[in-house]
A.B. asks: 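What follows is a structure written as structure tokens; I'll ask about it next.
Just so you know, these numbers use all the heavy atoms, side chains as well, and skip hydrogens, waters and symmetry mates.
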Amino acid sequence: MPSEKKISSASDCISFMQAGCELKKVRPNSRIYNRFFTLDPDLQALRWEPSKKDLDKAKLDISAIKEIRLGKNTETFRNNGLADQISEDCALSVIHGENYESLDLVANSADVANIWVSGLRYLVSRSKQPLDLMENSHNTPRFAWLKAVFEAADVDGNGIMLEDTAVELIKKLNPTLKESKIRLKFKEIQKSKEKLTTRVTKEEFCEAFSELCTRPEVYFLLVQISKNKEYLDANDLMLFLEAEQGVTHITEEMCLDIIRRYELSEEGRLKGFLAIDGFTQYLLSSECDIFDPEHKKIVQDMTQPLSHYYINASHNTYLIEDQLRGPADINGYVRALKMSCRSIELDVCDGPDNEPIICNRNNMTSPLAFRNVVEVINKLAFFASEYPLILCLGNHCSVQQQKVVVQHMKRIFGNKLYTEAPLSSEAYLPSPEKLKMKIIVKGKKLPCGQDVLEGEVTDEDEEAEISRRLSEDFSREPKLIWLCKELSDLVSLCKSIQYKDFETSMKSQNYWEMCSFSEAEASRIANEYPEDFVNYNKKFLSRVYPSAMRIDSSNLNPQDFWNCGCQIVAMNYQTPGPMMDLHTGWFLQNGGCGYVLRPSVMRDEVSYFSANTKGIVPGVSPQVLHVKIISGQNFPKPKGACAKGDVIDPYVCIEIHGIPADCTEQRTKTVQQNSDNPIFDESFEFQINLPELAMIRFVVLDDDYIGDEFIGQYTIPLECLQPGYRHIPLRSFVGDIMEHVTLFVHIAITNRSGGGKAQKRSLSVRIGKKAREYTMLRNTGLKIIDDIFKLAVHPLREATDMRENMQNAMVSVKELCGLPPIASLKQCILTLSSRLVSSDNAPSVALCMKDTFPYLEPLGTVPDVQKKVLAAYDLMIQESRVLIETADTTHDKIVQCQKAGMEFHEELHNLGTKEGLKGRKLSKAIESFAWNITVLKGQGDLLKNAKNEALENMKQIQLACLSCGLSKAGSGQADAKAKRCLEAIQEKDTGDENGRL
């Protein structure tokens with residue numbers, strides 16, 4: 001069967017539009033009509049039928065078109081009652097006439113919408129010059145490069161080559177293509193020309209390569225960002241990297257360097273332009289990876305107490321199979337340590353010849369010599385991370401062999417072993433920074449103050465829980481085991497104790513003592529006392545291990561316990577699957593060092609956080625994650641699929657993991673029978689209430705499966721996502737990166753503007769103050785404290801109003817520019833500058849710096865429709881100015897209330913007792929106090945961040961105006977003044993950072 005012809009050039013778009021297709025026409029009154037649209041043969045007008053108008057009126061001249069927008073970015077779409085049912089990726093608008101009227105259309109697929117948008121943009125940009133390029137698509141730089149490649153391989157110089165040679169040549173240029181697909185393409189081309197020979201000409205080679213190797217979605221992107229050329233110059237690339245990819249401090253020289261490294265044609269490298277093949281290579285390179293390279297380094301504060309970090313932990317590290325029959329294997333330790341695991345487990349038993357062994361106590365057939373295991377640990381302890389390694393010691397040895405255990409550890413680990421006694425003057429554990437290159441032993445300790453050589457201690461860890469569960473008498477006392485002083489002395493910072501309840505722990509537990517919780521017990525506590533669990537974990541380490549019922553070594557969901565602040569959630573590394581994907585993905589951040597700092601709301605001594613919160617977390621700004629799944633590349637057939645052809649029907653699931661309020665899942669449509677380059681083109685939005693704890697998992701599945709549907713996945717913390725167009729390298733079921741298997745996506749993260757849900761209605765509906773949500777303070781019932789908190793009510797409202805007014809003003813500008821909320825202000829200025837140009841190409845507005853703020857002043861008459869945009873722009877500058885100039889004062893008031901409140905922190909119990917509060921009422925008062933302190937700290941931080949964002953926006957707007965030529969023409973003084981103002985903004989920025997904000 002001939003394959004469907006793909007779009008690989010502007011002429012393909014033009015041909016498609018001339019043949020015509022059905023599009024839905026959307027009217028402002030919410031009515032939708034089906035119409036057949038075509039492009040005139042002479043490329044001068046767009047026509048549609050049927051129509052009640054005369055034939056001459058049911059058309060739109062290409063010369064009248066001002067701009068073409070992809071997506072629902074006009075008033076008609078925003079106010080249409082049916083807008084929610086229209087896919088963002090299938091919508092397009094043609095803006096025409098002096099009043100910027102819109103012809104709003106919906107295509108039946110995103111692909112068709114892209115063809116019309118690219119084709120029309122191409123025609124509009126070329127309307128001032130003859131369309132000779134249409135005829136001469138064979139004169140493009142790409143064809144010149146392909147001809148040179150062909151000629152170099154054509155040793156005889158006859159202009160033809162054997163099909164086998166041509167196939168090899170294309171395979172060399174694009175290793176991901178299947179040979180059968182290349183041969184089929186040559187057969188199609190030869191059949192269309194009714195050729196009998198199988199020899200390939202230069203033109204046929206170029207045609208086959210273009211059709212096989214042009215990814216239409218990348219072609220549409222190239223045309224869009226190159227202002228409708230078929231290549232990018234350094235300036236286009238610079239704007240793309242700044243406005244779309246979020247890259248800062250980019251220079252023209254850096255862009256030329258990218259072009260030199262990725263452009264395939266000699267001509268392109270010399271002249272400084274990037275054609276479709278080089279651009280595709282660049283997008284696939286590690287430079288466009290979805291994972292932010294900053295997070296491949298240590299970026300978090302490593303000087304906080306150990307209890308403030310999530311710690312990468314392994315369960316029964318010596319097992320590589322199930323829990324019952326699995327033999328002990330040294331590779332369990334090798335794998336875990338190479339994956340930055342920082343908490344490993346050793347179950348030690350008596351072995352022959354007075355040599356302790358490590359083994360699965362259910363299967364003693366293949367024990368490991370304890371000494372050998374310690375040597376491997378010593379060799380690899382700091383191979384992947386220099387931060388402390390915790391050894392969870394399960395001691396089942398006689399006193400005699402315990403002494404051998406101590407000898408081996410002291411001899412092999414030497415001064416890496418951390419045995420310093422904890423200081424009772426301290427209140428928290430030391431930091432990972434302080435414990436660098438140290439090995440910490442977790443285990444039992446003899447009672448303090450007893451000067452004995454050995455004694456009995458309780459065995460209340462995992463082993464004991466399993467034996468209690470298996471015995472009839474579940475309530476029996478924990479059994480006692482003998483412990484020698486030498487082994488007891490090796491334990492310093494991680495002394496194992498039994499958990500009773502939070503009240504007992506908070507009164508009598510020392511910071512160097514830690515509890516282990518079974519999965520069932522930790523789940524019960526997490527559901528019944530989520531706030532107490534978080535508060536407990538601020539000071540003490542908690543270890544959670546999988547249920548004894550998981551004899552198949554399956555894994556618990558670590559997120560459930562991370563949400564409560566549990567640091568050491570032990571995973572069965574040998575069992576791949578979604579839970580291990582989450583664990584591996586989470587610990588990729590912070591340089592993959594095995595330690596991840598918890599959100600501040602879970603660390604601050606006085607703060608309120610419950611994992612079961614249903615919505616906004618006090619003091620945390622919710623974000624909206626916008627994901628567009630564009631296409632897939634080279635999907636393999638599922639590994640365990642039963643016998644069937646190589647054909648798959650892929651679809652993509654996007655899962656959000658985090659606090660329960662954030663957990664959700666959405667999926668794309670299924671693409672039938674396409675594994676090479678399925679096009680999905682679907683957009684999704686997710687509201688994230690606690691971004692610091694959120695992860696996103698992309699899973700590709702086969703809809704037409706027998707036996708196994710899994711194709712690939714990738715899991716990444718939200719904080720590590722890079723914005724813009726990115727390729728995701730998919731991992732196999734066991735977690736290996738699959739070569740050339742990728743998912744092409746667009747990512748954007750925005751603030752949730754205007755209170756309520758992510759906005760879809762018109763401006764007038766949204767900006768009303770009545771609908772605004774304010775984070776409320778709670779009444780503690782303690783008058784002296786409530787009077788202090790009342791003073792913060794007005795500054796808190798002011799802070800929220802300033803932030804949201806600025807956000808709303810920015811959204812208004814974006815909407816009037818015809819851009820989606822995810823667009824940057826730089827993109828707004830680029831769009832504005834193209835509109836604000838008079839017929840002789842002179843700008844009709846100029847950048848005017850007033851008190852270091854970038855205002856736009858009209859230079860003559862400006863059309864009414866553009867006056868509306870300029871008014872919105874002025875409002876945005878004004879709201880930003882209000883925020884920048886008054887944020888400090890409001891911030892100070894909030895901080896003063898927070899400090900005044902904190903002075904009563906130690907006195908809360910006494911004050912409550914005086915007011916007659918006890919039991920549940922007293923606990924409620926303390927909880928409300930913590931809530932209020934969290935709100936004040938959080939809202940203060942949000943205001944500080946909003947001010948910094950506003951300063952950065954002013955800087956970006958000014959730079960964009962300068963690069964778009966909107967500074968006053970011929971005024972060197974104006975340029976110099978603008979640059980001085982830019983320096984003033986930068987000084988204000990750094991000065992404030994060093995000062996109060």
Side-chain angles (χ1 to χ4, degrees), residues 70-72 82-91 106 109-111 113 217 290 557 559 563 577-579 581-582 585-586 614-615 622-633 635 638 648-672 674 678-691 693-705 709-728 730-731 742-752 756-760 820-822:
L70 185 58
K72 299 183 285 190
L82 301 170
D84 288 355
Q85 295 160 34
I86 296 168
S87 160
E88 180 77 27
D89 308 296
C90 295
V106 182
S109 76
D111 227 12
E217 75 280 22
I290 190 163
N557 184 345
Q559 191 85 46
N563 288 344
M579 299 305 125
D581 293 342
L582 290 181
W586 184 247
K614 288 290 178 281
Q623 293 181 340
V624 179
L625 170 67
H626 308 259
V627 180
K628 182 175 183 179
I629 304 288
I630 303 170
S631 63
Q633 289 74 45
F635 290 163
I648 58 169
D649 297 346
Y651 66 98
V652 183
C653 268
I654 307 157
E655 303 168 359
I656 306 292
H657 298 265
I659 59 171
D662 290 343
C663 291
T664 184
E665 178 180 318
Q666 294 201 48
R667 59 158 287 178
T668 65
K669 63 180 183 294
T670 299
V671 175
Q672 302 297 327
N674 188 341
I679 305 279
F680 299 100
D681 261 332
E682 281 188 71
S683 299
F684 303 93
E685 259 184 32
F686 303 94
Q687 181 167 310
I688 313 286
N689 292 292
L690 186 53
L693 266 192
M695 265 190 292
I696 177 167
R697 182 170 181 257
F698 300 91
V699 196
V700 182
L701 301 165
D702 182 5
D703 219 354
D704 178 33
Y705 70 97
E709 58 178 344
F710 180 87
I711 293 169
Q713 70 81 32
Y714 185 80
T715 308
I716 180 172
L718 185 80
E719 301 272 293
C720 299
L721 282 175
Q722 288 216 91
Y725 290 92
R726 305 285 169 189
H727 278 93
I728 298 174
L730 293 180
R731 292 176 180 264
T742 51
L743 197 58
F744 187 42
V745 300
H746 182 269
I747 301 285
I749 297 172
T750 58
N751 290 343
R752 193 197 65 163
K757 292 178 180 164
Q759 300 309 327
K760 285 194 176 142
I822 61 173

A.B. asks: What pair of heavy atoms forms the shortest contact from Leu701 to Cys653, and how long is it?
C.D. replies: CD1-SG, 4.3 Å
A.B. asks: Give the intermediate values and the outcome of side chain to side chain donor-acceptor pair (under 3.5 Å) for residues Gln672 and Thr670.
C.D. replies: CA-CA 6 Å; Gln672 302 297 327; Thr670 299; 5.4 Å; no
A.B. asks: Supply the atom-to-atom distance Ile711 CD1 to Leu730 CG, rounded to the nearest 0.5 angstrom.
C.D. replies: 9.0 Å
A.B. asks: Is it true that Glu217 and Ser631 share a donor-acceptor pair across their side chains at a distance under 3.5 Å?
C.D. replies: yes
A.B. asks: Calculate, to the nearest 0.5 Å, the distance between atoms CD1 and NE2 belonging to Ile630 and His746 respectively.
C.D. replies: 7.0 Å
A.B. asks: What I'd like to find out is whether the side chain of Pro678 reaches to under 4.5 Å of the side chain of Ile648, using heavy atoms alone.
C.D. replies: no
A.B. asks: Determine yes or no for a side-chain-to-main-chain donor-acceptor pair under 3.5 angstrom, with Asn563 supplying the side chain and Gly658 the backbone.
C.D. replies: yes
A.B. asks: Check whether any side-chain heavy atom of Asn674 lies under 4.5 Å from a side-chain heavy atom of Phe635, and answer yes or no.
C.D. replies: no
A.B. asks: Would you confirm whether Lys669, through its side chain, and Phe680, through its main-chain N or O, come within 3.5 Å as a donor-acceptor pair?
C.D. replies: yes
A.B. asks: May I ask you to test the Ile656-Leu625 pair for a side-chain heavy-atom distance under 4.5 Å?
C.D. replies: yes
A.B. asks: If only atom types and distance count, is the side chain of Asp702 paired as donor or acceptor with the main-chain N or O of Asp649 below 3.5 Å?
C.D. replies: yes
A.B. asks: Applying side-chain contact (heavy atoms from CB on, under 4.5 Å), run through Ile679 and Val671 and close with a yes or a no.
C.D. replies: CA-CA 7 Å; Ile679 305 279; Val671 175; 6.0 Å; no
A.B. asks: To the nearest 0.5 angstrom, please state how far the CD1 atom of Ile629 sits from the CD1 atom of Ile654.
C.D. replies: 4.0 Å
A.B. asks: I'd like to know if the side chain of Asp89 reaches the main chain of Ser683, judged simply by a donor and an acceptor atom lying under 3.5 Å from each other, with no hydrogens or angles considered.
C.D. replies: yes
A.B. asks: State, to 0.1 Å, how close Pro717 and Gly585 come at their nearest heavy-atom pair, and which atoms those are.
C.D. replies: CD-O, 3.4 Å
A.B. asks: Given 3.5 Å as the limit, does a donor-acceptor pair link the side chain of Asp662 with the main chain of Asn689, or not?
C.D. replies: yes
A.B. asks: Donor-acceptor check, side chain of Glu709 to backbone of Asp703, threshold 3.5 angstrom: yes or no?
C.D. replies: no
A.B. asks: Nearest 0.5 Å, what's the CZ-CD distance between Arg731 and Gln713?
C.D. replies: 7.5 Å
A.B. asks: Grab the two heavy atoms, one from Arg697 and one from Pro578, that are nearest each other, plus how far apart they are.
C.D. replies: NH2-CA, 3.8 Å
A.B. asks: Once you round to the nearest 0.5 Å, how far does CZ of Arg726 lie from NZ of Lys628?
C.D. replies: 16.0 Å
A.B. asks: Grab the two heavy atoms, one from Phe744 and one from Gln633, that are nearest each other, plus how far apart they are.
C.D. replies: N-OE1, 3.8 Å
A.B. asks: Any non-hydrogen side-chain atom of Val624 less than 4.5 Å from a side-chain atom of Ile749?
C.D. replies: no
A.B. asks: Hey, mind stepping through Thr715 and Ile696 against side-chain contact (heavy atoms from CB on, under 4.5 Å) and telling me if it holds?
C.D. replies: CA-CA 6 Å; Thr715 308; Ile696 177 167; over 6 Å; no
A.B. asks: Show your reasoning for whether side-chain contact (heavy atoms from CB on, under 4.5 Å) applies to Glu682 and Gln666.
C.D. replies: CA-CA 11 Å; Glu682 281 188 71; Gln666 294 201 48; over 6 Å; no
A.B. asks: Going through the checks in order, is the side-chain contact (heavy atoms from CB on, under 4.5 Å) test met by Trp586 and Leu693?
C.D. replies: CA-CA 9 Å; Trp586 184 247; Leu693 266 192; 4.0 Å; yes
A.B. asks: Look up atom CG in Leu743 and atom CD1 in Ile728, then write down how far apart they are to the nearest 0.5 Å.
C.D. replies: 5.0 Å
A.B. asks: Mind listing the closest non-hydrogen atom pair of Ala110 and Cys90 along with its distance?
C.D. replies: N-SG, 3.5 Å
